[in-house]
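Everything below concerns the one structure shown next.
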2 protein chains.
Amino acid sequence: MSDGYDGYDPHAYEPFAVAADLAVFTVRSGSLHVLLIRRGQEPYAGAWALPGGFVLPRESAETAARRELAEETGLADEVVAALHLEQLRTYSEPDRDPRMRIVSVAFTALVPDLPEPAPDGGGDAAHARWVPVADAGELAFDHAAILADARSRIGAKLEYTCLATAFCPPEFTLGELQAVYETVWSTPLDRPNFRRKVLATPGFVEAVPGAARLTGGRGKPAALYKAGPATALHPPLLRPEGHRR
Amino acid sequence: MSDGYDGYDPHAYEPFAVAADLAVFTVRSGSLHVLLIRRGQEPYAGAWALPGGFVLPRESAETAARRELAEETGLADEVVAALHLEQLRTYSEPDRDPRMRIVSVAFTALVPDLPEPAPDGGGDAAHARWVPVADAGELAFDHAAILADARSRIGAKLEYTCLATAFCPPEFTLGELQAVYETVWSTPLDRPNFRRKVLATPGFVEAVPGAARLTGGRGKPAALYKAGPATALHPPLLRPEGHRR
DNA sequence: ACAAAAGTGTTCTGCCTACACCCATGT
DNA sequence: ACATGGGTGTAGGCAGAACACTTTTGT
(Lines give C-alpha, C1' and ligand atoms only; values in the text may rest on other atoms or scores of the structure.)
Protein backbone atom coordinates (compact mmCIF):
# COMPACT_ATOMS: atom_id res chain seq x y z
CA MET A 1 0.00 0.00 0.00
CA SER A 2 1.14 3.50 -0.67
CA ASP A 3 1.62 6.51 1.46
CA GLY A 4 -1.89 7.36 0.34
CA TYR A 5 -3.08 4.98 3.03
CA ASP A 6 -1.78 7.03 5.89
CA GLY A 7 -4.13 9.43 7.56
CA TYR A 8 -7.13 7.69 6.06
CA ASP A 9 -10.29 8.05 8.12
CA PRO A 10 -12.37 4.89 8.00
CA HIS A 11 -15.57 6.83 8.47
CA ALA A 12 -14.90 9.61 5.98
CA TYR A 13 -16.61 7.82 3.10
CA GLU A 14 -19.81 5.94 2.67
CA PRO A 15 -18.55 2.57 3.82
CA PHE A 16 -18.02 -0.40 1.57
CA ALA A 17 -19.55 -3.72 2.38
CA VAL A 18 -17.59 -6.83 1.47
CA ALA A 19 -19.42 -9.99 0.50
CA ALA A 20 -18.47 -13.53 -0.43
CA ASP A 21 -20.48 -15.26 -3.14
CA LEU A 22 -20.20 -18.86 -4.23
CA ALA A 23 -20.60 -20.74 -7.46
CA VAL A 24 -21.01 -24.31 -6.24
CA PHE A 25 -21.12 -26.88 -9.01
CA THR A 26 -22.08 -30.52 -9.18
CA VAL A 27 -22.55 -33.04 -11.95
CA ARG A 28 -25.95 -34.67 -11.80
CA SER A 29 -27.75 -36.86 -14.31
CA GLY A 30 -25.47 -35.89 -17.15
CA SER A 31 -25.46 -32.14 -16.82
CA LEU A 32 -23.61 -29.52 -14.86
CA HIS A 33 -25.68 -27.97 -12.07
CA VAL A 34 -25.08 -24.91 -9.95
CA LEU A 35 -26.49 -24.18 -6.51
CA LEU A 36 -28.86 -21.21 -6.55
CA ILE A 37 -30.96 -19.43 -3.96
CA ARG A 38 -34.39 -17.93 -4.57
CA ARG A 39 -34.41 -14.36 -3.26
CA GLY A 40 -37.19 -13.47 -0.87
CA GLN A 41 -36.86 -9.70 -0.78
CA GLU A 42 -36.20 -6.71 -2.98
CA PRO A 43 -34.21 -6.02 -4.93
CA TYR A 44 -34.59 -8.91 -7.33
CA ALA A 45 -37.26 -10.57 -5.17
CA GLY A 46 -38.17 -13.92 -6.67
CA ALA A 47 -35.06 -14.01 -8.80
CA TRP A 48 -32.36 -16.67 -8.50
CA ALA A 49 -28.99 -15.71 -7.11
CA LEU A 50 -25.73 -17.31 -6.08
CA PRO A 51 -25.48 -18.16 -2.39
CA GLY A 52 -23.37 -15.78 -0.36
CA GLY A 53 -23.41 -13.05 2.21
CA PHE A 54 -21.46 -10.42 4.05
CA VAL A 55 -17.99 -10.89 5.43
CA LEU A 56 -18.15 -10.24 9.16
CA PRO A 57 -15.65 -7.98 10.93
CA ARG A 58 -13.38 -10.80 12.12
CA GLU A 59 -13.68 -13.11 9.13
CA SER A 60 -11.67 -13.57 5.99
CA ALA A 61 -13.65 -13.78 2.77
CA GLU A 62 -13.01 -17.51 2.59
CA THR A 63 -14.23 -18.11 6.12
CA ALA A 64 -17.35 -16.11 5.33
CA ALA A 65 -17.93 -18.16 2.19
CA ARG A 66 -17.82 -21.41 4.17
CA ARG A 67 -20.10 -20.07 6.87
CA GLU A 68 -22.67 -18.79 4.39
CA LEU A 69 -22.60 -22.03 2.47
CA ALA A 70 -23.27 -24.02 5.61
CA GLU A 71 -26.05 -21.68 6.71
CA GLU A 72 -27.81 -21.56 3.38
CA THR A 73 -27.57 -25.16 2.34
CA GLY A 74 -27.68 -27.06 5.61
CA LEU A 75 -24.59 -29.03 4.63
CA ALA A 76 -22.77 -30.63 7.53
CA ASP A 77 -20.00 -28.46 8.96
CA GLU A 78 -17.35 -31.13 8.36
CA VAL A 79 -18.33 -31.34 4.71
CA VAL A 80 -18.13 -27.58 4.29
CA ALA A 81 -14.85 -27.37 6.19
CA ALA A 82 -13.24 -29.99 3.95
CA LEU A 83 -14.53 -28.45 0.73
CA HIS A 84 -12.05 -27.25 -1.82
CA LEU A 85 -12.86 -23.55 -2.20
CA GLU A 86 -11.09 -21.54 -4.82
CA GLN A 87 -11.11 -17.80 -5.16
CA LEU A 88 -12.42 -16.85 -8.58
CA ARG A 89 -12.22 -13.07 -8.79
CA THR A 90 -13.50 -9.96 -7.04
CA TYR A 91 -16.34 -7.94 -8.51
CA SER A 92 -16.20 -4.29 -7.60
CA GLU A 93 -18.16 -2.25 -10.15
CA PRO A 94 -19.70 0.67 -8.24
CA ASP A 95 -23.29 -0.02 -9.27
CA ARG A 96 -23.40 -3.78 -9.13
CA ASP A 97 -25.80 -3.59 -6.19
CA PRO A 98 -28.53 -0.92 -6.33
CA ARG A 99 -28.67 -0.46 -2.56
CA MET A 100 -25.12 0.34 -1.63
CA ARG A 101 -21.51 -0.20 -2.45
CA ILE A 102 -20.78 -3.92 -2.22
CA VAL A 103 -17.51 -5.50 -3.26
CA SER A 104 -17.93 -9.20 -3.71
CA VAL A 105 -15.24 -11.85 -3.55
CA ALA A 106 -16.43 -14.81 -5.60
CA PHE A 107 -15.46 -18.42 -4.90
CA THR A 108 -15.90 -21.64 -6.79
CA ALA A 109 -16.50 -25.05 -5.26
CA LEU A 110 -17.06 -28.50 -6.72
CA VAL A 111 -19.08 -31.12 -4.87
CA PRO A 112 -20.23 -34.65 -5.68
CA ASP A 113 -23.88 -35.30 -6.41
CA LEU A 114 -24.98 -35.40 -2.80
CA PRO A 115 -27.06 -38.33 -1.56
CA GLU A 116 -29.29 -35.98 0.43
CA PRO A 117 -29.46 -32.98 -1.83
CA ALA A 118 -28.62 -29.75 -0.09
CA PRO A 119 -31.99 -28.05 -0.64
CA ASP A 120 -33.74 -30.41 1.80
CA GLY A 121 -32.06 -28.80 4.78
CA GLY A 122 -34.05 -26.57 7.09
CA GLY A 123 -34.09 -22.82 7.61
CA ASP A 124 -32.38 -20.71 5.00
CA ALA A 125 -31.69 -23.82 2.98
CA ALA A 126 -35.36 -23.98 2.02
CA HIS A 127 -34.77 -21.73 -0.97
CA ALA A 128 -31.68 -23.50 -2.28
CA ARG A 129 -31.94 -25.58 -5.45
CA TRP A 130 -29.62 -27.30 -7.89
CA VAL A 131 -30.23 -25.80 -11.32
CA PRO A 132 -28.67 -26.93 -14.60
CA VAL A 133 -26.31 -24.13 -15.63
CA ALA A 134 -27.87 -24.16 -19.07
CA ASP A 135 -31.22 -23.24 -17.48
CA ALA A 136 -29.88 -20.61 -15.10
CA GLY A 137 -30.76 -17.70 -17.39
CA GLU A 138 -31.06 -14.31 -15.76
CA LEU A 139 -29.79 -14.02 -12.21
CA ALA A 140 -29.89 -11.25 -9.63
CA PHE A 141 -27.19 -8.55 -9.60
CA ASP A 142 -24.19 -9.45 -11.77
CA HIS A 143 -24.41 -13.09 -10.77
CA ALA A 144 -24.92 -14.29 -14.33
CA ALA A 145 -21.49 -12.85 -15.19
CA ILE A 146 -19.94 -14.45 -12.11
CA LEU A 147 -21.49 -17.78 -13.03
CA ALA A 148 -20.17 -17.52 -16.58
CA ASP A 149 -16.67 -16.73 -15.30
CA ALA A 150 -16.83 -19.64 -12.88
CA ARG A 151 -18.06 -22.01 -15.58
CA SER A 152 -15.26 -21.19 -17.93
CA ARG A 153 -12.73 -21.38 -15.12
CA ILE A 154 -13.68 -24.89 -14.08
CA GLY A 155 -13.63 -26.03 -17.72
CA ALA A 156 -10.05 -24.82 -17.97
CA LYS A 157 -9.09 -26.20 -14.56
CA LEU A 158 -10.06 -29.73 -15.53
CA GLU A 159 -7.38 -29.59 -18.21
CA TYR A 160 -4.40 -29.13 -15.95
CA THR A 161 -5.53 -30.12 -12.45
CA CYS A 162 -6.95 -33.22 -10.80
CA LEU A 163 -10.04 -31.36 -9.61
CA ALA A 164 -12.46 -33.55 -11.52
CA THR A 165 -12.38 -36.06 -8.68
CA ALA A 166 -14.06 -33.45 -6.49
CA PHE A 167 -17.24 -34.05 -8.52
CA CYS A 168 -17.14 -37.76 -7.74
CA PRO A 169 -18.14 -39.68 -4.61
CA PRO A 170 -15.31 -41.01 -2.41
CA GLU A 171 -15.08 -44.12 -4.58
CA PHE A 172 -15.80 -43.92 -8.26
CA THR A 173 -15.25 -45.70 -11.55
CA LEU A 174 -13.20 -44.35 -14.41
CA GLY A 175 -16.41 -44.23 -16.43
CA GLU A 176 -17.89 -41.84 -13.87
CA LEU A 177 -14.77 -39.71 -13.93
CA GLN A 178 -14.89 -39.60 -17.70
CA ALA A 179 -18.55 -38.58 -17.55
CA VAL A 180 -17.51 -35.60 -15.42
CA TYR A 181 -15.13 -34.42 -18.11
CA GLU A 182 -17.64 -35.03 -20.86
CA THR A 183 -20.36 -33.18 -19.00
CA VAL A 184 -18.27 -30.15 -18.12
CA TRP A 185 -16.71 -29.94 -21.56
CA SER A 186 -19.79 -31.07 -23.51
CA THR A 187 -17.53 -33.27 -25.60
CA PRO A 188 -17.27 -37.03 -25.96
CA LEU A 189 -13.85 -38.49 -25.10
CA ASP A 190 -12.18 -41.67 -26.27
CA ARG A 191 -12.52 -44.15 -23.43
CA PRO A 192 -9.30 -46.15 -23.91
CA ASN A 193 -7.19 -43.01 -24.20
CA PHE A 194 -8.88 -41.30 -21.26
CA ARG A 195 -8.26 -44.33 -19.12
CA ARG A 196 -4.58 -44.56 -20.01
CA LYS A 197 -4.07 -40.86 -19.47
CA VAL A 198 -5.61 -40.89 -16.01
CA LEU A 199 -3.80 -44.02 -14.89
CA ALA A 200 -0.49 -42.76 -16.29
CA THR A 201 -0.64 -39.63 -14.13
CA PRO A 202 0.89 -40.54 -10.76
CA GLY A 203 -1.34 -39.62 -7.85
CA PHE A 204 -4.41 -38.69 -9.88
CA VAL A 205 -6.40 -41.78 -8.83
CA GLU A 206 -5.61 -44.77 -6.65
CA ALA A 207 -7.12 -48.20 -7.15
CA VAL A 208 -9.35 -49.58 -4.40
CA PRO A 209 -8.19 -53.20 -4.35
CA GLY A 210 -10.81 -55.81 -5.03
CA ALA A 211 -13.71 -53.40 -5.19
CA ALA A 212 -16.03 -53.24 -8.16
CA ARG A 213 -19.39 -51.74 -8.95
CA LEU A 214 -22.15 -52.58 -11.36
CA THR A 215 -22.85 -49.44 -13.31
CA GLY A 216 -26.33 -49.14 -14.71
CA GLY A 217 -27.00 -52.82 -14.12
CA ARG A 218 -25.62 -53.97 -17.45
CA GLY A 219 -22.05 -54.50 -18.49
CA LYS A 220 -18.87 -55.64 -16.80
CA PRO A 221 -18.45 -54.42 -13.23
CA ALA A 222 -16.03 -51.50 -13.12
CA ALA A 223 -13.02 -51.22 -10.83
CA LEU A 224 -13.25 -48.53 -8.18
CA TYR A 225 -10.76 -45.74 -7.58
CA LYS A 226 -10.36 -42.96 -5.09
CA ALA A 227 -8.80 -39.54 -5.51
CA GLY A 228 -5.03 -39.51 -5.16
CA PRO A 229 -2.77 -36.91 -3.58
CA ALA A 230 -1.81 -35.15 -6.83
CA THR A 231 -3.31 -31.77 -7.62
CA ALA A 232 -1.60 -30.84 -10.88
CA LEU A 233 -1.91 -32.72 -14.14
CA HIS A 234 1.34 -32.82 -16.13
CA PRO A 235 1.07 -33.02 -19.03
CA PRO A 236 -2.45 -31.63 -19.21
CA LEU A 237 -5.53 -33.44 -20.43
CA LEU A 238 -6.60 -31.16 -23.25
CA ARG A 239 -10.08 -30.65 -24.61
CA PRO A 240 -10.43 -32.05 -28.13
CA GLU A 241 -10.59 -28.54 -29.62
CA GLY A 242 -7.86 -27.33 -27.30
CA HIS A 243 -4.90 -28.10 -29.50
CA ARG A 244 -6.59 -28.24 -32.86
CA ARG A 245 -6.27 -25.29 -35.12
CA MET B 1 -26.03 -12.90 -2.53
CA SER B 2 -28.31 -14.50 -0.08
CA ASP B 3 -31.29 -13.33 1.83
CA GLY B 4 -28.73 -12.51 4.48
CA TYR B 5 -28.06 -9.34 2.56
CA ASP B 6 -31.48 -7.89 3.14
CA GLY B 7 -31.93 -5.54 6.03
CA TYR B 8 -28.19 -5.02 6.33
CA ASP B 9 -27.24 -1.66 7.79
CA PRO B 10 -24.10 -0.30 6.15
CA HIS B 11 -23.12 1.56 9.31
CA ALA B 12 -23.79 -1.24 11.76
CA TYR B 13 -20.25 -2.56 11.66
CA GLU B 14 -16.82 -1.05 11.76
CA PRO B 15 -16.53 -0.30 8.06
CA PHE B 16 -14.23 -2.12 5.70
CA ALA B 17 -11.86 -0.23 3.51
CA VAL B 18 -11.12 -1.65 0.07
CA ALA B 19 -7.74 -1.13 -1.50
CA ALA B 20 -6.08 -2.00 -4.79
CA ASP B 21 -2.43 -3.05 -4.72
CA LEU B 22 -0.21 -3.70 -7.70
CA ALA B 23 2.67 -6.01 -8.47
CA VAL B 24 4.22 -4.34 -11.52
CA PHE B 25 7.02 -6.31 -13.11
CA THR B 26 9.66 -5.56 -15.65
CA VAL B 27 12.69 -7.37 -17.01
CA ARG B 28 15.82 -5.30 -16.71
CA SER B 29 19.44 -6.27 -17.17
CA GLY B 30 18.77 -9.96 -16.94
CA SER B 31 16.62 -10.11 -13.85
CA LEU B 32 13.00 -9.70 -12.95
CA HIS B 33 12.24 -6.43 -11.15
CA VAL B 34 9.18 -5.30 -9.27
CA LEU B 35 8.07 -1.73 -8.61
CA LEU B 36 8.18 -0.89 -4.91
CA ILE B 37 7.42 2.18 -2.83
CA ARG B 38 9.32 3.26 0.26
CA ARG B 39 6.83 3.96 3.03
CA GLY B 40 7.13 7.33 4.75
CA GLN B 41 4.87 6.78 7.75
CA GLU B 42 3.95 4.23 10.34
CA PRO B 43 3.16 1.44 10.29
CA TYR B 44 6.13 -0.05 8.50
CA ALA B 45 7.77 3.36 8.04
CA GLY B 46 10.89 2.98 5.94
CA ALA B 47 9.83 -0.45 4.70
CA TRP B 48 9.21 -1.28 1.06
CA ALA B 49 5.67 -1.95 -0.10
CA LEU B 50 3.74 -2.58 -3.29
CA PRO B 51 2.18 0.53 -4.80
CA GLY B 52 -1.55 0.86 -4.25
CA GLY B 53 -4.23 2.74 -2.39
CA PHE B 54 -7.87 2.95 -1.53
CA VAL B 55 -10.71 2.38 -3.91
CA LEU B 56 -12.80 5.55 -3.99
CA PRO B 57 -16.60 5.46 -3.66
CA ARG B 58 -17.30 5.63 -7.39
CA GLU B 59 -14.39 3.51 -8.64
CA SER B 60 -13.97 -0.13 -9.46
CA ALA B 61 -10.88 -1.79 -8.03
CA GLU B 62 -9.28 -1.83 -11.46
CA THR B 63 -9.88 1.88 -12.02
CA ALA B 64 -8.37 2.59 -8.63
CA ALA B 65 -5.34 0.48 -9.47
CA ARG B 66 -4.70 2.48 -12.64
CA ARG B 67 -5.15 5.79 -10.87
CA GLU B 68 -2.81 4.86 -8.04
CA LEU B 69 -0.22 3.58 -10.44
CA ALA B 70 -0.27 6.85 -12.39
CA GLU B 71 -0.11 8.92 -9.21
CA GLU B 72 2.68 6.98 -7.59
CA THR B 73 4.92 6.41 -10.57
CA GLY B 74 4.39 9.49 -12.74
CA LEU B 75 3.76 7.27 -15.75
CA ALA B 76 1.89 8.98 -18.57
CA ASP B 77 -1.86 8.50 -18.41
CA GLU B 78 -1.99 6.93 -21.88
CA VAL B 79 0.59 4.38 -20.87
CA VAL B 80 -1.31 3.49 -17.73
CA ALA B 81 -4.63 3.36 -19.56
CA ALA B 82 -3.26 0.95 -22.16
CA LEU B 83 -1.57 -1.29 -19.60
CA HIS B 84 -2.64 -4.87 -19.34
CA LEU B 85 -3.84 -5.22 -15.74
CA GLU B 86 -4.82 -8.58 -14.44
CA GLN B 87 -6.59 -9.32 -11.21
CA LEU B 88 -4.49 -11.63 -9.08
CA ARG B 89 -6.49 -12.37 -5.95
CA THR B 90 -8.09 -10.61 -3.02
CA TYR B 91 -6.45 -10.61 0.39
CA SER B 92 -8.89 -10.34 3.23
CA GLU B 93 -7.33 -11.73 6.41
CA PRO B 94 -8.73 -9.66 9.29
CA ASP B 95 -5.37 -8.59 10.68
CA ARG B 96 -3.42 -7.98 7.53
CA ASP B 97 -3.31 -4.26 8.36
CA PRO B 98 -2.74 -3.27 11.99
CA ARG B 99 -4.75 -0.06 11.75
CA MET B 100 -8.08 -1.23 10.48
CA ARG B 101 -9.90 -3.74 8.36
CA ILE B 102 -8.58 -3.46 4.82
CA VAL B 103 -9.51 -5.85 2.06
CA SER B 104 -7.07 -5.57 -0.79
CA VAL B 105 -7.65 -6.52 -4.41
CA ALA B 106 -4.25 -7.28 -5.93
CA PHE B 107 -3.39 -6.76 -9.59
CA THR B 108 -0.46 -7.75 -11.74
CA ALA B 109 0.99 -5.73 -14.59
CA LEU B 110 3.91 -6.29 -16.96
CA VAL B 111 5.77 -3.37 -18.50
CA PRO B 112 8.83 -3.06 -20.73
CA ASP B 113 12.05 -1.74 -19.29
CA LEU B 114 11.07 1.92 -19.50
CA PRO B 115 13.44 4.38 -21.20
CA GLU B 116 12.77 6.95 -18.47
CA PRO B 117 12.36 4.78 -15.41
CA ALA B 118 9.23 5.48 -13.46
CA PRO B 119 10.98 6.54 -10.24
CA ASP B 120 12.21 9.76 -11.82
CA GLY B 121 8.74 11.28 -11.85
CA GLY B 122 7.85 13.97 -9.37
CA GLY B 123 5.62 13.98 -6.29
CA ASP B 124 4.63 10.63 -4.88
CA ALA B 125 6.78 8.94 -7.47
CA ALA B 126 9.88 10.06 -5.62
CA HIS B 127 9.78 6.95 -3.43
CA ALA B 128 9.22 4.45 -6.24
CA ARG B 129 12.05 2.13 -7.26
CA TRP B 130 12.55 -0.94 -9.40
CA VAL B 131 13.89 -3.70 -7.17
CA PRO B 132 15.02 -7.17 -8.27
CA VAL B 133 12.43 -9.58 -6.91
CA ALA B 134 15.23 -11.69 -5.49
CA ASP B 135 16.29 -8.70 -3.35
CA ALA B 136 12.81 -7.68 -2.25
CA GLY B 137 13.04 -9.51 1.07
CA GLU B 138 10.68 -8.38 3.77
CA LEU B 139 7.87 -6.07 2.71
CA ALA B 140 5.22 -4.15 4.61
CA PHE B 141 1.93 -5.84 5.53
CA ASP B 142 1.39 -9.12 3.65
CA HIS B 143 2.94 -7.74 0.51
CA ALA B 144 5.69 -10.35 0.44
CA ALA B 145 3.00 -13.00 0.08
CA ILE B 146 1.22 -11.02 -2.62
CA LEU B 147 4.49 -10.61 -4.48
CA ALA B 148 5.20 -14.32 -4.25
CA ASP B 149 1.73 -15.14 -5.59
CA ALA B 150 2.15 -12.65 -8.42
CA ARG B 151 5.57 -14.04 -9.28
CA SER B 152 4.34 -17.58 -9.58
CA ARG B 153 1.29 -16.46 -11.54
CA ILE B 154 3.29 -14.68 -14.22
CA GLY B 155 5.62 -17.66 -14.51
CA ALA B 156 2.62 -19.85 -15.24
CA LYS B 157 1.01 -17.28 -17.53
CA LEU B 158 4.01 -17.21 -19.83
CA GLU B 159 3.38 -20.87 -20.55
CA TYR B 160 -0.02 -20.52 -22.11
CA THR B 161 -0.43 -16.87 -23.05
CA CYS B 162 1.39 -14.39 -25.27
CA LEU B 163 1.95 -12.01 -22.35
CA ALA B 164 5.75 -12.16 -22.62
CA THR B 165 5.64 -9.49 -25.32
CA ALA B 166 4.33 -7.05 -22.69
CA PHE B 167 7.85 -7.08 -21.20
CA CYS B 168 9.36 -6.05 -24.52
CA PRO B 169 9.54 -2.67 -26.23
CA PRO B 170 7.22 -2.10 -29.24
CA GLU B 171 9.79 -3.70 -31.53
CA PHE B 172 11.99 -6.49 -30.27
CA THR B 173 14.16 -9.38 -31.40
CA LEU B 174 13.43 -13.01 -30.75
CA GLY B 175 16.55 -13.07 -28.62
CA GLU B 176 15.06 -10.43 -26.36
CA LEU B 177 11.79 -12.31 -26.15
CA GLN B 178 13.65 -15.47 -25.25
CA ALA B 179 15.58 -13.57 -22.59
CA VAL B 180 12.23 -12.63 -21.03
CA TYR B 181 11.28 -16.28 -20.71
CA GLU B 182 14.68 -17.26 -19.42
CA THR B 183 14.67 -14.48 -16.86
CA VAL B 184 11.19 -15.16 -15.53
CA TRP B 185 11.69 -18.91 -15.47
CA SER B 186 15.38 -18.85 -14.48
CA THR B 187 15.99 -21.54 -17.07
CA PRO B 188 17.97 -21.54 -20.29
CA LEU B 189 15.98 -22.42 -23.41
CA ASP B 190 17.09 -23.91 -26.68
CA ARG B 191 17.22 -21.05 -29.18
CA PRO B 192 16.31 -22.92 -32.36
CA ASN B 193 13.33 -24.59 -30.75
CA PHE B 194 12.15 -21.43 -29.05
CA ARG B 195 12.32 -19.57 -32.32
CA ARG B 196 10.33 -22.19 -34.21
CA LYS B 197 7.74 -22.43 -31.49
CA VAL B 198 7.12 -18.68 -31.39
CA LEU B 199 6.98 -18.31 -35.16
CA ALA B 200 4.71 -21.32 -35.51
CA THR B 201 2.09 -19.77 -33.22
CA PRO B 202 -0.13 -17.60 -35.41
CA GLY B 203 -0.53 -14.05 -34.09
CA PHE B 204 2.10 -14.31 -31.36
CA VAL B 205 4.62 -12.04 -33.12
CA GLU B 206 4.61 -10.27 -36.48
CA ALA B 207 7.73 -9.54 -38.49
CA VAL B 208 8.66 -5.91 -39.04
CA PRO B 209 9.78 -6.04 -42.67
CA GLY B 210 13.32 -4.98 -43.39
CA ALA B 211 14.13 -3.92 -39.87
CA ALA B 212 17.10 -5.29 -37.98
CA ARG B 213 19.00 -4.42 -34.86
CA LEU B 214 22.50 -5.01 -33.65
CA THR B 215 22.25 -6.61 -30.25
CA GLY B 216 25.19 -6.12 -27.99
CA GLY B 217 27.39 -4.86 -30.79
CA ARG B 218 28.65 -8.26 -31.84
CA GLY B 219 26.95 -10.91 -33.88
CA LYS B 220 24.57 -10.96 -36.79
CA PRO B 221 21.87 -8.26 -36.71
CA ALA B 222 18.55 -9.70 -35.55
CA ALA B 223 15.21 -9.30 -37.31
CA LEU B 224 12.64 -7.23 -35.46
CA TYR B 225 9.16 -8.30 -34.51
CA LYS B 226 6.15 -6.69 -32.84
CA ALA B 227 3.47 -8.22 -30.69
CA GLY B 228 0.69 -9.89 -32.66
CA PRO B 229 -3.05 -10.00 -31.91
CA ALA B 230 -3.07 -13.44 -30.28
CA THR B 231 -3.45 -13.70 -26.52
CA ALA B 232 -3.54 -17.47 -25.96
CA LEU B 233 -0.75 -19.88 -26.74
CA HIS B 234 -1.98 -23.23 -28.08
CA PRO B 235 -0.28 -25.52 -27.55
CA PRO B 236 1.53 -24.02 -24.55
CA LEU B 237 5.23 -23.28 -24.28
CA LEU B 238 6.12 -25.38 -21.28
CA ARG B 239 8.93 -24.83 -18.84
CA PRO B 240 11.66 -27.48 -19.14
CA GLU B 241 10.68 -29.09 -15.84
CA GLY B 242 7.00 -28.71 -16.58
CA HIS B 243 6.39 -32.03 -18.28
CA ARG B 244 9.29 -34.04 -17.04
CA ARG B 245 8.69 -36.59 -14.38
C1' DA C 1 41.20 -15.08 -37.79
C1' DC C 2 38.18 -15.46 -34.17
C1' DA C 3 34.28 -14.73 -31.12
C1' DA C 4 29.54 -13.86 -30.68
C1' DA C 5 24.97 -13.84 -31.84
C1' DA C 6 21.27 -14.98 -35.48
C1' DG C 7 19.19 -18.33 -38.07
C1' DT C 8 18.43 -23.32 -40.53
C1' DG C 9 18.23 -28.38 -40.85
C1' DT C 10 17.80 -33.06 -39.10
C1' DT C 11 17.13 -36.88 -36.17
C1' DC C 12 14.99 -39.12 -32.40
C1' DT C 13 11.65 -39.81 -29.00
C1' DG C 14 7.39 -39.86 -26.86
C1' DC C 15 2.79 -38.67 -26.47
C1' DC C 16 -1.67 -38.52 -28.34
C1' DT C 17 -5.19 -40.22 -31.69
C1' DA C 18 -7.75 -43.66 -33.79
C1' DC C 19 -9.73 -47.71 -33.99
C1' DA C 20 -9.83 -52.81 -33.55
C1' DC C 21 -10.48 -56.15 -30.33
C1' DC C 22 -11.44 -59.07 -25.87
C1' DC C 23 -14.04 -59.55 -21.16
C1' DA C 24 -17.89 -59.81 -17.94
C1' DT C 25 -22.51 -59.17 -16.79
C1' DG C 26 -27.89 -58.67 -17.30
C1' DT C 27 -31.95 -59.75 -20.12
C1' DA D 1 -27.55 -65.03 -27.97
C1' DC D 2 -26.95 -60.33 -27.69
C1' DA D 3 -26.64 -55.79 -25.95
C1' DT D 4 -24.05 -52.94 -22.82
C1' DG D 5 -20.33 -51.08 -20.60
C1' DG D 6 -15.31 -52.18 -18.83
C1' DG D 7 -10.75 -52.97 -20.27
C1' DT D 8 -6.35 -54.02 -23.56
C1' DG D 9 -3.48 -53.70 -27.78
C1' DT D 10 -1.46 -51.40 -31.58
C1' DA D 11 -0.18 -48.55 -35.72
C1' DG D 12 0.41 -43.76 -37.41
C1' DG D 13 1.24 -38.91 -36.95
C1' DC D 14 2.79 -34.75 -35.03
C1' DA D 15 5.28 -31.84 -31.86
C1' DG D 16 9.07 -31.03 -28.96
C1' DA D 17 14.14 -32.03 -27.49
C1' DA D 18 18.73 -32.19 -28.74
C1' DC D 19 22.34 -30.88 -31.44
C1' DA D 20 25.04 -30.08 -35.72
C1' DC D 21 25.66 -26.55 -38.91
C1' DT D 22 25.63 -21.98 -41.64
C1' DT D 23 25.50 -16.79 -41.73
C1' DT D 24 26.71 -12.13 -40.46
C1' DT D 25 28.69 -8.88 -37.77
C1' DG D 26 32.61 -6.59 -34.48
C1' DT D 27 37.41 -6.78 -32.76
Side-chain angles (χ1 to χ4, degrees), chain A residues 30 158-160 168 171-183 185 187-202 204-205 207-225 232-245, chain B residues 30 158-160 168 171-183 185 187-202 204-205 207-225 232-245:
Chain A
L158 289 201
E159 287 191 326
Y160 58 95
C168 296
E171 297 192 342
F172 53 88
T173 69
L174 293 186
E176 289 163 354
L177 186 62
Q178 183 176 345
V180 166
Y181 277 89
E182 293 179 330
T183 299
W185 287 347
T187 313
L189 297 175
D190 183 83
R191 188 158 35 78
N193 294 334
F194 177 82
R195 172 181 198 76
R196 261 188 296 265
K197 176 74 186 170
V198 170
L199 295 178
T201 304
F204 191 174
V205 298
V208 177
R213 179 195 297 167
L214 287 314
T215 49
R218 265 188 281 285
K220 179 174 173 176
L224 288 177
Y225 295 84
L233 199 43
H234 276 297
L237 179 47
L238 297 171
R239 278 175 271 207
E241 308 90 321
H243 61 136
R244 293 250 180 256
R245 64 184 64 176
Chain B
L158 289 200
E159 287 191 328
Y160 59 94
C168 296
E171 297 192 341
F172 52 89
T173 70
L174 293 186
E176 289 164 354
L177 185 63
Q178 183 177 345
V180 165
Y181 278 88
E182 293 180 330
T183 300
W185 288 347
T187 313
L189 298 175
D190 182 82
R191 190 156 36 76
N193 293 334
F194 177 82
R195 172 182 197 76
R196 261 187 296 267
K197 177 74 186 169
V198 170
L199 295 177
T201 304
F204 190 175
V205 297
V208 177
R213 180 194 298 166
L214 288 315
T215 49
R218 266 190 279 285
K220 179 173 174 176
L224 288 176
Y225 295 84
L233 201 43
H234 275 297
L237 179 48
L238 296 172
R239 277 175 272 206
E241 309 89 320
H243 61 137
R244 292 252 179 255
R245 65 184 66 176

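The chains referred to below are lettered A, B, ... by the order of the sequence lines, with proteins before strands, and numbering in each begins at 1.
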*Go along nucleotides 20-27 of chain D 5' to 3' and tag each nucleotide: B for a protein heavy atom under 4.0 Å from its base, S when only backbone or sugar atoms are that close, - otherwise.*
B--BBBSS

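Side chain of B/Y181 to main chain of B/L158: a donor-acceptor pair is present (N/O by atom type, distance under 3.5 Å, no hydrogens or angles). B/E159 places a side-chain N or O within 3.5 Å of a backbone atom of B/R239 that can act as its donor or acceptor partner. B/E182 places a side-chain N or O within 3.5 Å of a backbone atom of B/L189 that can act as its donor or acceptor partner.
Which of D/dG16, C/dT10, C/dT8 sits closest to the side chain of B/R196 comes down to C/dT10.
At least one side-chain heavy atom of A/L199 sits less than 4.5 Å from a side-chain heavy atom of A/L174.
The CZ atom of B/R195 lies 9.5 Å from the OG1 atom of B/T173; values are rounded to the nearest 0.5 Å.
Distance A/L177 CG to D/dG6 P: 12 Å, rounded to the nearest Å. Atom CZ in A/R195 sits about 19 Å away from atom P in C/dC15, given to the nearest Å. The CG-C1' distance, from A/L189 to D/dG7, rounds to 17 Å in whole Å. The interatomic distance linking A/L238 (CG) with C/dT17 (C1') rounds to 13 Å, in whole Å. Separating the CZ atom of B/R239 from the P atom of D/dA17 is a distance of 14 Å, rounded to the nearest angstrom. Regarding B/N193, its CG atom lies at a distance of 13 Å from the P atom of C/dT8, rounded to whole Å. For the pair A/K197 NZ and C/dA18 C1', the interatomic distance rounds to 17 Å; values are reported in whole Å.
When heavy atoms are screened at a 4.0 angstrom cut-off, A/A223 is found touching the sugar-phosphate backbone but no base atom.
Of the two residues contacting DNA chain C, namely B/E176 and B/D190, the nearest-nucleotide position lying further toward the 5' end is that of B/E176.
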